[in-house]
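One structure below.
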2 protein chains.
Amino acid sequence: MKNSQKKQNVSGADLGVLLNTPAVPMRQPRTTRTTQTIGQILAAAERVFAEAGLAGATMAQLAAACGLPKANLHYYFGTKEALYTEVLQTILTLWLDAADAIHPAASPRAALTAYISAKMAHSRTRPYASKVFANEVLHGAVHLRSYLGLELRRKVDEKAVVIEGWITRGLMDPVDPRHLFFLLWAMTQTYADFDAQMAAVLAVPSLGSADFAVGEALILRLVLRGCGLGHDLKGTDR
Amino acid sequence: MKNSQKKQNVSGADLGVLLNTPAVPMRQPRTTRTTQTIGQILAAAERVFAEAGLAGATMAQLAAACGLPKANLHYYFGTKEALYTEVLQTILTLWLDAADAIHPAASPRAALTAYISAKMAHSRTRPYASKVFANEVLHGAVHLRSYLGLELRRKVDEKAVVIEGWITRGLMDPVDPRHLFFLLWAMTQTYADFDAQMAAVLAVPSLGSADFAVGEALILRLVLRGCGLGHDLKGTDR
DNA sequence: GTCTATATATCGATAGAC
DNA sequence: GTCTATCGATATATAGAC
C-alpha cells in the first residue's frame with residue numbers, strides 16, 4: 001500500500017469525470033486484435049474480481065482466467081488497480097441507463113415495473129458485474145467516490161423529481177423517492193450478490209430462472225402496493 | 001494459497017457444527033485478562049475485516065487496530081483465517097435470534113414490524129458485522145457453507161412454517177416466505193452494507209438516525225402492504 | 001503471556017529476448 | 001505485441017529472548 005504513487009497513473013483519487021476517461025493514455029488507434037484482447041481481459045477480470053475482490057484477486061489469477069501471461073495484462077492496463085477501475089467503468093456505463101424507464105410521461109406502475117424487471121435482468125445476466133460493484137461499495141467506494149457523488153447522485157435527483165411529480169399529481173402515494181431507490185437496488189441486486197446464501201437456504205446448487213421469477217414477482221408486489229399502485233394485482237407470487 | 005495446510009487447524013472446510021466450535025483448541029480456563037484481550041482483538045478485527053475484507057486485511061493492520069504486536073494475534077488465533085472465522089462466529093450468534101420475533105402466537109403485523117425493527121437496529125449499531133457477513137457471502141460463503149446450509153436453512157424453514165400458518169389462517173396474503181426473508185435481509189442490511197452509496201446520493205458525510213428512520217418506515221410500508229397488513233397504516237414515510 | 005527480529009512465501013511489476 | 005525470467009516489496013507466520 002505504500003507503492004501506490006510509484007507507477008500507477010490512475011487511482012481512485014484522480015478519477016475525474018470517470019466515464020470516458022481511459023485508465024491508460026490512449027495509444028495509437030487500436031487494431032481489431034487488440035480490441036478483442038482487451039475485451040477478453042475485461043470479461044475475465046470481471047469474474048475474477050467478483051469472486052475474490054480487488055485485494056483478493058492476483059495478477060496470476062487474472063492472467064490465467066483469460067489465458068495470457070501476466071506481463072500482457074500489465075502491458076495493456078499498467079497496474080492491477082487500473083485494470084480494476086476499467087472493469088468498474090464498463091459496469092457503470094451498463095447501469096445508469098436502466099433508470100431511464102422512469103420518465104414523466106410514463107405511468108408510475110409501468111415505469112416501476114419496467115425498472116424492476118430491468119434490474120432483475122441485470123442480476124440474472126451479469127451477476128459478476130453486480131458483485132464487483134457491491135464489493136467496491138461495501139469497502140467504502142474509494143474508487144467510485146466521484147461517480148456516486150456526481151453522476152449517480154445527479155441521476156437519482158433527476159428521477160426523484162419525476163417521482164415527486166407523480167406524487168403531486170396524485171398518481172401514487174407519497175414515499176421518499178431516494179430511499180425507494182435504495183430499496184429497489186437492494187432487493188434486485190441481492191439476487192446476484194447474495195446468491196450463495198439464497199441457494200443454501202433453498203437447498204439448491206444455484207439459483208434458477210424460476211427463483212428469479214418468484215423474486216421479481218414479490219418485489220413487484222411489495223413496491224406497487226407500497227406505492228399505492230397495486231389495486232388490480234393479478235394473481236399471487238407463488 | 002498453497003500453504004493453507006501447513007499450520008492452520010481451522011479452515012472453512014472443517015468447520016463442523018460451526019457454533020460452539022472454537023477455532024483454536026481451548027486452552028486452560030482463561031483468565032479475565034485473556035478473555036478481555038481476545039474480546040478486544042475480535043472487536044477491532046470486525047472493523048478491519050469490514051473495511052478491507054479477508055484478503056485485504058493484513059495482520060499488521062489487525063494488530064495496529066487493537067494496539068498489539070502481530071505475534072500476539074498469532075498466539076491467540078493461530079492464523080489470520082482462524083481469527084476471521086471467529087469474527088464470523090460472533091456475528092452469527094448475534095443474528096440468528098432476531099428472527100424469533102416471528103412465532104405462531106404473534107400477529108403477522110406485530111411480528112414483521114418487530115423483525116424489521118430489530119434488523120434495522122443491527123444495521124445501525126453493528127454495521128461492521130453486517131459488512132463482514134456481506135463480504136463473506138458475496139465471495140461465495142466458503143467459510144459459511146455449513147452455517148448457511150444447516151443452521152440458517154433450518155431457522156428459515158421453521159419461520160416459513162409460521163408464515164405459511166398465518167397465510168392458511170387468512171391472517172395475511174399469500175407470499176413466498178423464503179423470498180420474503182431474502183428481501184427483508186436485503187432491505188435492512190443495505191443500510192449497513194451500502195452506506196457509502198447512500199451517503200453519496202444523499203450528499204451527506206454519513207448516514208444519520210433520521211435516514212435510518214425514513215428507511216425503516218418505508219420498508220415497513222412496503223412489507224406490510226405487500227403482505228396485506230397495511231389497512232390502517234398511520235401517516236406516510238416522509 | 002508478551003514482544004522484537006526474522007524466515008519464507010507470494011505478490012505486483014519490470015527487464016529484456018523474440 | 002508477446003512472453004519468460006526475475007527483481008524488490010510486502011505478507012503471513014515463527015523463533016526465541018524476556
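Residue numbers start from 1 in every chain, and the chains themselves are labelled A, B, ... in the order their sequence lines are given, proteins ahead of strands. Atoms considered below: every heavy atom in the structure, side chains included; atoms not considered: hydrogens, waters and symmetry mates.
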With a 4.0 Å cut-off, would you call A:Glu46 and A:Lys131 a salt bridge? no

Tell me the interatomic distance from B:Gln61, atom CD, to D:dT12, atom P, rounded to whole angstroms. 9 Å

For nucleotides 2-6 of chain D, print each protein N/O atom paired with a nucleotide N/O atom at under 3.5 Å, atom names and distance only.
residue : atom : partner : partner atom : Å
D:dT2   : OP2  : A:Tyr76 : OH           : 2.5
D:dC3   : OP2  : A:Asn72 : ND2          : 2.8

Looking for any heavy atom pair under 4.0 Å, which part of the strands does B:Ala57 touch: base, sugar-phosphate only, or nothing? sugar-phosphate

Atom NZ of B:Lys80 and atom P of D:dT12 are separated, to the nearest Å, by 4 Å

Please round to 10 degrees the angle between the axis of the first five pairs and the axis of the last five pairs in the helix from C:dG1-D:dC18 to C:dC18-D:dG1. 10°

Exercise: do A:Gln189 and A:His122 side chains pair donor with acceptor under 3.5 Å: no

Heavy atoms of A:Ala52 and A:Gln61 approach each other most closely as CB-OE1, 4.4 Å

Starting at CE of B:Met187, measure out to CD1 of A:Ile219 and round the result to the nearest 0.5 Å. 9.0 Å

So which atom in B:Leu218 and which in A:Leu180 form the shortest heavy-atom distance, rounded to 0.1 Å? CD2-N, 3.4 Å

Roughly, in whole Å, what's the span from CG in A:Leu62 to P in C:dA13? 11 Å

Mind checking whether A:Phe181 and A:Tyr115 have ring centres under 6.0 Å apart? yes

Tell me the interatomic distance from B:Leu54, atom CG, to D:dA11, atom P, rounded to whole angstroms. 14 Å

Take the protein atom CE of B:Met59 and the nucleotide atom P of C:dA9, then report the distance between them rounded to whole Å. 18 Å

What is the distance, to the nearest angstrom, from the CG atom on B:Leu73 to the C1' atom on D:dT14? 14 Å

Centres of the B:His179 and A:Tyr191 rings: under 6.0 Å? yes

What about B:Phe182 and A:Phe194, are their ring centers closer than 6.0 Å? no

The side chain of B:Thr31 lies closest to which of these nucleotides: D:dT12, C:dG1, C:dT14? C:dG1

Smallest heavy-atom separation, A:Leu54 atom then A:Asn135 atom, equals N-ND2, 3.9 Å

Contact under 4.0 Å: B:His74 side-chain N or O vs D:dT14 OP1/OP2: no

To the nearest angstrom, the CD1-P distance between B:Ile41 and C:dG1 comes to 11 Å

